[in-house]
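Both ligands and their constituent atoms are indexed starting at 1 by order of listing.
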Amino acid sequence: MHEARLISISALQHYLFCQRQCALIHLEQVWQENFLTAHGRQLHERVDHGGPETRKGVRFERGVTVNAPQLGLTGKLDLLEYQASINQFMPVEYKRGKPKANNVDKVQLCAQALCIEEMLGVDVNQGALWYWQTRKRLTVDIDEALRLQTKTLISDIQSMFYSAKTPPPIFGKHCKACSLNEICQPELIIKDSSSRYITRLFNMDDE
Ligand code: SF4
């Protein structure tokens, strides 16, 4: 058993997008902004900026920092809503795009819910995703399947961080949208390793 390192909630999304990207950002501290990340950052800054307020019995806290050592997570919530009449906390995450076919945004939201549960000793059964492109708010159930997927993912990322090994690139369509494309250069590395492989094959033939 190795000591768990606190990982940033954002690492979950990076890992699901590309394991190498996650390691470059969180292990090697490499970061480069592109249009997509700049737009996302501006959106989060705008959301985080507002002060706390209460409307219709719901308290809104913005830019809430969370630390959950048992879970191994740390991060910042865009918005935390609290409905005192039913003692219900609900994390809200703002996204620049639109709802995705996979669970990548839901996993991040679930990680936030798990952090609130550990910190406050409450049950968090729902969260919400707000999409800038569609201007729609989507309520998400924090159910058992999503919890399991999120916890498994946290454990996988902890293992990768513990190994301290950055995975090789897997070149694909997602590389076009990756802010680290110029640093990673996945096409070059793949070409380079193919040529080294061919060289090795020829050397073996010579033996
Ligand atoms: S360029 Fe591709 S392989 Fe490299 S980090 Fe980005 S998504 Fe991953």
TODO: Would you list the protein N, O or S atoms within less than 2.8 Å of atom 6 (Fe) of ligand 1, leaving out water?
DONE: Cys178 SG
- [ ] Fit a plane to each ring of Trp130 and Tyr94, take the angle between them on a 0 to 90° scale, and name the class: parallel (under 30°), tilted (30 to 60°) or perpendicular (over 60°).
- [x] tilted
Task: Atom indices of ligand 1, in the order listed, that fall short of 4.0 Å to a heavy atom of Ile170 - done: 3 (S)
Using a 3.5 Å cut-off and no angle test, enumerate the donor-acceptor pairs between side-chain atoms of residues 84-92 and protein atoms at least two apart in sequence or in another chain.
residue	atom	partner	partner atom	Å
Asn87	OD1	Tyr82	OH	2.8

Task: Salt bridge flag under 4.0 Å for residues Arg62 and Glu53 - done: yes
Task: Verdict with reasoning, Glu81 to Arg137, per salt bridge (Lys or Arg N to Asp or Glu O under 4.0 Å) - done: CA-CA 14 Å; Glu81 295 179 358; Arg137 177 174 162 134; 2.9 Å; yes
Open item on the list: Starting from Leu71, can I reach Leu120 by hopping between I/L/V/M/F/W/Y residues whose side chains sit under 4.5 Å apart?
Closed with: yes
Task: Polar side chain donor-acceptor pair, Lys95 to Gln108, under 3.5 angstrom - done: yes
